[in-house]
Structure formats: structure tokens, C-alpha cells
Amino acid sequence: MKILVTGGLGFIGSHTVVELQQEGFEVVIIDDCSNASENVLDGITAITGKRPQFEKLNLRVKEDVLDFFKRYPEVGGVIHFAASKAVGESVEKPLLYYENNLNSLIYLLQCLSKKDNSAFIFSSSCTVYGQADEMPITEDAPVKPAESPYGNTKQIGEEIIVDTCKVMPQVKAIALRYFNPIGAHPSAEIGELPIGVPQNLVPFITQTAAGLRDQLAVFGDDYPTPDGTCIRDYIHVVDLAKAHVVALQRILQEESEGNYEVFNIGTGKGSSVLEVIESFERVSGNSLNYKITGRRPGDVIQAYADTSKANSVLGWKAKSTLDDAMKSAWQWERKIRKQPY
Ligand code: UD1
């Protein structure tokens with residue numbers, strides 16, 4: 001079966017394409033290359049031995065989306081990653097974020113609703129929970145008002161899918177709420193490629209160790225946590241990619257309950273910023289230059305997943321440790337510094 005992966009050249013998308021191909025799916029990628037390089041196709045091909053089909057197009061252009069589905073009637077499922085994801089930028093340019101992230105979703109769902117049967121996997125985020133009242137966070141935890149237009153596009157995106165699924169039983173969807181994806185493929189053929197100064201912790205750590213940044217700022221050590229730094233659930237991107245494949249298979253094998261489901265995808269284990277730094281130092285043998293600075297506005301104190309629903313219903317569980325993920329992130333960073341994309 002052929003699966004459309006939108007944003008398939010991006011960080012999570014590219015790893016998911018690899019897992020899909022390794023499970024025997026054919027893949028066609030749509031990406032506008034606004035935040036990713038076409039060279040990622042070479043990385044995917046080096047791992048799987050099979051070059052996915054690729055269409056460079058912008059999902060905000062409705063005619064192009066309609067035209068794509070006319071040209072690829074064999075597409076039986078869609079995994080939708082394509083979206084803008086910089087939290088700070090979304091505050092500066094809210095309309096761009098709403099336009100990018102919501103129009104593309106609407107056009108895809110409009111096309112899928114014309115098919116007899118279609119599977120749709122949506123990239124959602126633990127950001128929908130805000131600062132949850134209880135840890136670990138279950139899927140039943142209330143969705144809190146979004147902190148940013150980016151977060152709001154994930155919440156509204158889920159609502160658009162829920163409303164669509166209510167009246168269109170032919171659309172079968174699963175939303176995956178990711179916790180913090182990190183790491184890279186163990187082959188070091190694909191990984192995270194942030195443009196400019198990384199906003200996320202792990203690429204900032206590896207770029208600092210590689211000499212691209214002088215120092216990591218640890219945003220606050222006065223939080224009510226054991227070591228005072230914030231706690232997150234860092235999940236290896238390969239584990240996360242595999243979750244997409246099992247979610248898709250659940251829909252295709254008609255095992256879903258109803259036609260809309262939501263799952264948390266994390267490890268279930270919280271790690272503090274200092275623990276992430278320690279893990280990096282352990283696996284890399286480097287001592288990281290960092291200093292404690294003030295809190296970053298908008299950061300939640302802690303967020304880690306209750307993954308029991310994904311474990312029992314999807315039969316999926318994260319396998320990699322934080323050390324595995326940090327090691328792969330470091331291998332990738334060293335490789336791209338020697339051999340830039
Ligand atoms: C961020 C986004 C979230 C998005 C997720 C995707 C924000 C507020 N949230 O989550 O919406 O879904 O990325 O991966 O941007 N940290 C430092 N120094 C740094 C960078 C980060 O100390 O230079 C700390 C942060 O304070 C936080 C932790 O590291 O405690 C993780 O930060 P980050 O990687 O940016 O992820 P989130 O903020 O959890």
C-alpha cells in the first residue's frame with residue numbers, strides 16, 4: 001500500500017518514512033522544503049535501499065493538493081507532519097501559523113473524505129496539556145488554553161479532525177501527542193537539522209559540544225523539581241517513528257475503536273535538564289559548557305506521559321534509553337559537521 005507522508009523530509013517525518021519502508025509500505029513524500037533539504041532523500045535511501053517518491057509542493061495551495069490526489073489515487077493513508085513548529089515565531093506571525101498548519105490539514109481532509117476509506121495520522125503534541133495538574137499525563141487530562149499560536153494549531157487541528165470524523169465515517173484518524181522527540185537514526189544517515197540557532201535543548205547541547213555555540217543556557221534551576229530544572233519526557237525519534245507505523249496498521253487492520261483515537265507517545269519517564277546534560281556527557285565523554293540562567297517564559301515545570309494506553313492498545317512501547325538517544329544525537333551532530341547536508 002502507498003502512504004503519503006507530508007513533511008516527510010523533516011526530522012520526525014524522515015524517520016517515519018524509513019520505518020514505513022522497512023515494514024513494506026510504499027511511500028510518497030510531500031514537502032515544500034521550507035525547513036528541510038531534498039538531500040534527506042539520499043539519507044533515507046542509504047538506510048532502506050529504496051528511494052521514496054517525492055513531490056515538492058505546498059499544501060497551502062488547494063489546487064495542488066487536489067491535483068496530487070488525482071495523480072496518486074492509490075494513496076491509502078496519510079501521515080501528516082507538514083507544519084510550522086517554532087513556538088517563538090508563531091507568536092510573532094500568528095496568521096502565518098494558522099494559515100500553514102490549518103489550511104493544509106483542511107485540504108487533506110477534504111481530499112480524504114472523497115475516498116471510500118482513508119487512514120489519517122496527525123502529529124499532535126503534549127503541548128495541548130499545558131502544565132497538567134497530575135503526572136504522568138494521561139490522554140484524559142484536560143486540554144489547557146494554548147500558550148502560543150503554534151500550540152493552538154495543534155489543539156484546533158485535533159478539533160477539526162474530531163468534527164470531521166463525526167460526520168465522515170470513511171475518514172479514520174489517530175492523533176499522536178508527542179512528548180519531546182530527540183536523537184537520530186543509529187545509522188547517522190538522517191537526523192535533526194535545525195535552521196539557525198536551535199530552540200530545543202538537545203540540538204543546542206550537541207551544537208555547543210561541536211563548537212557552534214559557546215555555551216548552553218539552562219533555563220532556570222529554581223523549579224519545584226528534585227534538582228530545580230524542568231522535567232520532560234524525551235523520546236528517541238526512532239521509537240516515535242515506529243508508533244506512527246503501528247497506529248497506521250491499527251486503522252488499516254480495522255482495529256480502531258470508532259474512527260478517532262488519541263494516544264500519548266512518550267517514554268513515561270521524566271528527565272530533568274541537568275539529567276539530559278549528564279547523559280550527554282556520559283555517552284560523549286565531553287564536558288559541556290553550560291550555565292544556569294533565568295527561566296524561559298512559557299516553560300511548564302514538568303511534563304511526562306502515561307503511556308499505558310499506547311502500550312496496551314497499540315502494543316507499542318519506547319525501547320531506547322535517554323543515553324541511547326543522546327548517543328545517536330551526538331553521532332549525527334559529528335557526522336554533519338564533517339559532511340554538511
Ligand atoms: C518545545 C515546545 C513544544 C514543542 C516541543 C517539540 C516551547 C515552549 N515548547 O517543548 O511546544 O512541541 O518543543 O520538541 O518551546 N532548555 C534549556 N536551554 C535551552 C533549550 C531548552 O534549558 O537552550 C530547557 C527548557 O527550559 C525545557 C527543556 O530544556 O525545560 C526542553 O526544552 P525544549 O527542547 O525547547 O522543549 P519543550 O520546551 O519541552
Side-chain angles (χ1 to χ4, degrees), residues 7 10-13 15 35 81 83-92 97 101 122-132 135 137 143-155 157-158 175-184 191-194 196-209 212-237 240 264-267 270-280 288-305 322 325-326 329:
F11 175 40
I12 309 171
H15 288 80
N35 200 14
F81 295 102
S84 302
K85 61 172 188 180
V87 177
E89 185 187 47
S90 79
V91 177
E92 306 289 317
Y97 270 66
N101 295 4
F122 180 61
S123 289
S124 191
S125 167
C126 66
T127 194
V128 301
Y129 299 117
Q131 179 57 73
M135 293 295 135
I137 304 172
V143 167
K144 297 265 177 81
E147 291 273 352
S148 68
Y150 158 77
N152 213 15
T153 65
K154 294 298 174 190
Q155 293 189 8
E158 286 193 9
L176 300 180
R177 291 176 177 162
Y178 315 150
F179 282 67
N180 289 55
I182 61 165
E192 195 168 4
L193 285 167
V197 181
Q199 304 301 308
N200 294 115
L201 177 63
V202 172
F204 206 106
I205 289 177
T206 55
Q207 288 198 6
T208 305
L212 273 79
R213 313 280 155 214
D214 292 338
Q215 191 175 53
L216 169 77
V218 173
F219 297 138
D221 69 347
D222 56 353
Y223 285 97
T225 61
D227 67 19
T229 63
C230 293
I231 290 176
R232 298 285 184 275
D233 183 339
Y234 295 93
I235 174 168
H236 195 303
V237 66
L240 175 58
N264 282 343
I265 303 294
T267 65
S271 303
S272 73
V273 177
L274 293 180
E275 284 170 338
V276 175
I277 295 172
E278 278 161 24
S279 166
F280 174 76
L288 191 77
N289 182 19
Y290 71 91
K291 79 161 187 226
I292 311 289
T293 64
R295 294 182 176 193
R296 178 171 71 177
D299 268 340
V300 297
I301 304 165
Q302 56 177 346
Y304 55 95
L322 179 61
M326 295 308 289

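As the structure lists them, so they are numbered: ligands from 1, and atoms in each ligand from 1. Note that the coordinates shown come from a computational prediction; the quantities given were computed from them, not determined experimentally.
- No more than 12 heavy atoms of other residues, nucleotides or ligands sit less than 6.0 Å from atom CD of E147.
- Side chains of F204 and R213 form a contact here, defined as non-hydrogen atoms less than 4.5 Å apart.
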task: Walk me through it: do I182 and M326 pass the test side chain to side chain contact (heavy atoms under 4.5 Å, CB included)?
output: CA-CA 8 Å; I182 61 165; M326 295 308 289; 4.0 Å; yes
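- Ranking protein heavy atoms by distance to atom 34 (O) of ligand 1, first place goes to L201 N, 2.8 Å.
- Taking 4.0 Å as the cut-off between side-chain N and carboxylate O, R232 and D299 count as a salt-bridged pair.
- Considering only non-hydrogen atoms, atom 20 (C) of ligand 1 lies nearest to F219 out of F219, Y234, Y223, Y178.
- Relative to atom 7 (C) of ligand 1, the option among V87, I277, T208 with the closest non-hydrogen atom is V87.
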- prompt: Could you go step by step and tell me if D221 and T229 meet the side chain to side chain donor-acceptor pair (under 3.5 Å) rule?
  reply: CA-CA 4 Å; D221 69 347; T229 63; over 6 Å; no
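- Atoms of ligand 1 lying under 4.0 Å from at least one heavy atom of V218, given by number and element, are 22 (O).
- For ligand 1, the atoms closer than 4.0 angstrom to any heavy atom of L216 are 18 (N), 19 (C), 23 (O).
- Residue-level proximity to ligand 1 for A217 is carried by the backbone, the only part with a heavy atom below 4.0 angstrom.
- The shortest N or O to N or O distance between V273 and ligand 1 is not below 3.5 Å.
- Residue, atom and distance of the protein heavy atom nearest to atom 32 (O) of ligand 1 are R296 NH2, 3.4 Å.
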- prompt: Would Y178 and L240 satisfy side chain to side chain contact (heavy atoms under 4.5 Å, CB included), going step by step from the backbone distance to the final call?
  reply: CA-CA 8 Å; Y178 315 150; L240 175 58; 3.4 Å; yes
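- Side-chain contact between V276 and V202: present, with at least one pair of heavy atoms (C-beta onward) separated by less than 4.5 Å.
- Few gaps surround CG on D222; more than 12 heavy atoms of other groups in view lie less than 6.0 Å from it.
- With respect to atom 30 (O) of ligand 1, the closest heavy atom belonging to the protein is C230 CB, 3.0 Å.
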- request: Take Y304 and N264, measure what side chain to side chain donor-acceptor pair (under 3.5 Å) needs, and give me the verdict at the end.
  value: CA-CA 10 Å; Y304 55 95; N264 282 343; over 6 Å; no
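- Between the side chain of S90 and the backbone N or O of Y150 there is at least one donor-acceptor pair closer than 3.5 Å.
- Counting heavy atoms closer than 4.0 Å to ligand 1, residue N200 contributes atoms from both its backbone and its side chain.
- Atoms of ligand 1 lying under 4.0 Å from any heavy atom of D299, numbered from 1 in the order shown and given with element: 25 (C), 26 (O), 38 (O).
- Proximity of T229 to ligand 1, defined as any heavy-atom pair under 4.0 Å, is not found for any part of the residue.
- Relative to the six-membered ring of F122, K154 meets both conditions, a distance below 6.0 Å and an angle of at most 45° to the axis.
- Contacts with ligand 1 closer than 4.0 Å are made by side-chain heavy atoms of N180 only, the backbone lying farther away.
- The contact set between ligand 1 and T127, taken as ligand atoms under 4.0 Å from a residue heavy atom, comprises 11 (O).
- A donor-acceptor distance shorter than 3.5 angstrom exists from the side chain of D233 to the backbone of A305, with no hydrogens or angles considered.
- When A86, S125, A146, P198 are checked for heavy-atom proximity to atom 12 (O) of ligand 1, S125 turns out nearest.
- Every heavy atom of G151 sits 4.0 Å or more from the atoms of ligand 1.
- Among all non-hydrogen protein atoms, the one lying nearest atom 11 (O) of ligand 1 is Y150 CE2, 3.3 Å.
- Within the listing of ligand 1, atoms 27 (C), 30 (O), 37 (P), 39 (O) sit less than 4.0 angstrom from a heavy atom of R232.
- At a 4.0 Å heavy-atom cut-off, ligand 1 touches Q199 through the backbone alone.
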